[in-house]
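Structure record follows, encoded as structure tokens.
These numbers were taken from a predicted model, which means no experiment stands behind them. Atom set for the values below is all heavy atoms of this structure, side chains included, hydrogens, waters and symmetry mates excluded. In what follows, chains are A, B, ... by sequence order, proteins preceding strands, each numbered from 1.
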There are 2 protein chains.
Amino acid sequence: MADAGIHEDFSVTGSTKERILHTAARLFSERGFDNVSLRDITTIADVNIAAVNYHFGSKIGLVAYVFDHYAAPVNAARLKLLDECDQKCGDAPPAVEDILWALLSPVFHAPDNGDEGRHFRQMLGRMSSNSNPDVRSILFNTFDIVSARFVDTMSRACPGLPKEELFWRPTCVYGAMMYAQADNGRIRTLSGNSFDSTNMDDALKYMIPFLTAGFTLPPGGKLSAG
Amino acid sequence: MADAGIHEDFSVTGSTKERILHTAARLFSERGFDNVSLRDITTIADVNIAAVNYHFGSKIGLVAYVFDHYAAPVNAARLKLLDECDQKCGDAPPAVEDILWALLSPVFHAPDNGDEGRHFRQMLGRMSSNSNPDVRSILFNTFDIVSARFVDTMSRACPGLPKEELFWRPTCVYGAMMYAQADNGRIRTLSGNSFDSTNMDDALKYMIPFLTAGFTLPPGGKLSAG
DNA sequence: AAGGAAGTGAAACGTCTATTTAAAACACGT
DNA sequence: ACGTGTTTTAAATAGACGTTTCACTTCCTT
């Protein structure tokens, strides 16, 4: 019913509910939560605005559904990999690098996901610092279990690490992860944009050694070799 | 003129322009840009709503002013410290740890700033992933010079580092910095909240060794000592 | 003291927002 | 073909938003 001239080149196929879901994921990934209106979504999805409240209850219900839809398989993969970290090492401490891989690879190394994976990553990065209480509780509920599991496994990988370190080191990890996901282009222009900074295999290849080096530092500490 | 009953316990003293400035900084730091209305600000600041457009032109003019007001001394301090990095080492490469200190300490290590420093940090963390084009250009204009200088100095500290590394490593640094600044409480509850995670001396104490370890890694690389 | 700029005040502007209503269209088992 | 539950539609609702207008007061200069 809407003017065909303003249709985007992204797919707006499938059922009404699916079109809303995919369009919402794309717009949330580009503009965050507050800068996307239901009218934006329903216009591009070529759907009546009342359909959102019919299928998802409210705008916050929509974003909760979108989050769960994309986060569920990611979290499942993370927990599976964290399980393997524990099994692989027996009674010995698990490997820091494996734990970081378990946390990062399910989000970054998903070339098979195509646009969907990228939309979820950017949406996450965009909303990770949103202050809306409803958005915050969705984020907490979605990632609390795997975050707690990550810190727990990491504390066993680094026995004797004081709790201050177990706060600031994961803070560095989560910050780096979120910032890389949002891909807001701040750093790209400063470091020469002649290469593909959207290659998420590179994100893993370069970030995991970086974060591993920080996390394997002795408590409080300086590196032995300068 | 507004009802005295809803006054906050923060200071709402000074001129009209100052009251708007300080109240805006506080609210932006707590709720970001989109979730703060001019009516929120002017109600708490006990000021007529028209005063914002009179003194600052528009809402985006206000946030630009607030940013510049707080960022200018921080950026000056950063550039001064980066200059000292270069001078100290002569022709030899500057030290990675010193460069990170130059970037981080002016924001984190400012106990003398009190509430103002904290408001600026959180505001920065909250808005670093905002997608509003006007907000983005304010961020770019405010921090581009010092960011470019940071990457440049770091590239001389790490000669031979490929440009992919000069993208992903600063991404980790900026991400960790922004996430720590926003202080959204995600990690705190997971690592035992029995200590003071708002101590910004700790932020420097623990984050700089972490990030230094990552940045001093050989290109592409594994650490020599496991 | 007079004049003029600077600042403040109450009220309204038009636009956008999420949400709701109720009627119409559809799908489908009987 | 009929009736029933589900989905889609157009229209309207109430409220929040940034911004503007203009009359009023305050303050400083001459």
**Prompt:** Over how many whole Å does the gap from A:K59 atom NZ to D:dG15 atom C1' extend?
**Reply:** 15 Å
**Asked** Distance-only, no hydrogens or angles: does the A:R126 side chain make a donor-acceptor pair with backbone N or O of A:F33 under 3.5 Å?
**Response** no
**Request:** Identify whether NZ of Lys or CZ of Arg in B:K17 sits under 6.0 Å from the centre of the six-membered ring of B:F56 and within 45° of that ring's axis.
**Result:** yes
**Request:** Identify the heavy atoms of B:V36 and B:K59 that sit nearest to each other, and give their distance.
**Result:** O-NZ, 2.7 Å
**Complete:** Atom OH of A:Y54 and atom P of C:dT20 are separated, to the nearest Å, by 15 Å
**Request:** Nearest whole angstrom, please: distance from the P of D:dG18 to the CG of A:D34.
**Result:** 12 Å
**Request:** Find out whether the Lys NZ or Arg CZ of B:K205 is both under 6.0 angstrom from the six-membered ring centre of B:F108 and within 45° of the ring's axis.
**Result:** no
**Request:** Taking only the side-chain nitrogens and oxygens of B:S37, find out if one of them lies under 4.0 Å from OP1 or OP2 of D:dA16.
**Result:** no
**Fill in**
Separation of C:dA12 atom C1' from B:L38 atom CG, nearest Å, is 16 Å
**Asked** Salt bridge between B:R149 and B:D86, side-chain N to carboxylate O under 4.0 Å?
**Response** yes
**Prompt:** Between A:H55 and D:dT8, does any side-chain N or O lie under 4.0 Å from OP1 or OP2?
**Reply:** yes
**Prompt:** Checking only heavy atoms, does the side chain of B:N48 share a donor-acceptor pair with the base of C:dA10 at less than 3.5 Å?
**Reply:** yes
**Prompt:** Between A:T16 and D:dT7, does any side-chain N or O lie under 4.0 Å from OP1 or OP2?
**Reply:** no
**Prompt:** For the pair made of CD1 in A:I60 and P in C:dT17, what is the distance, rounded to whole Å?
**Reply:** 16 Å
**Fill in**
Atom CG of B:N35 and atom P of C:dT17 are separated, to the nearest Å, by 15 Å
**Side chain A:R39 and base C:dA18 donor-acceptor under 3.5 Å** = yes
**Candidates D:dA10, C:dT8, C:dA18 - which lies nearest the side chain of A:A50** = D:dA10
**Fill in**
Taken to the nearest whole Å, CG/A:N53 to C1'/D:dT8 is 14 Å
**Prompt:** Once you round it to whole Å, what is the distance between C1' of C:dT19 and CD1 of A:I41?
**Reply:** 14 Å
**Item:** 5' precedence on DNA chain C between B:K17 and B:I49 (nearest-nucleotide basis)
**Value:** B:K17
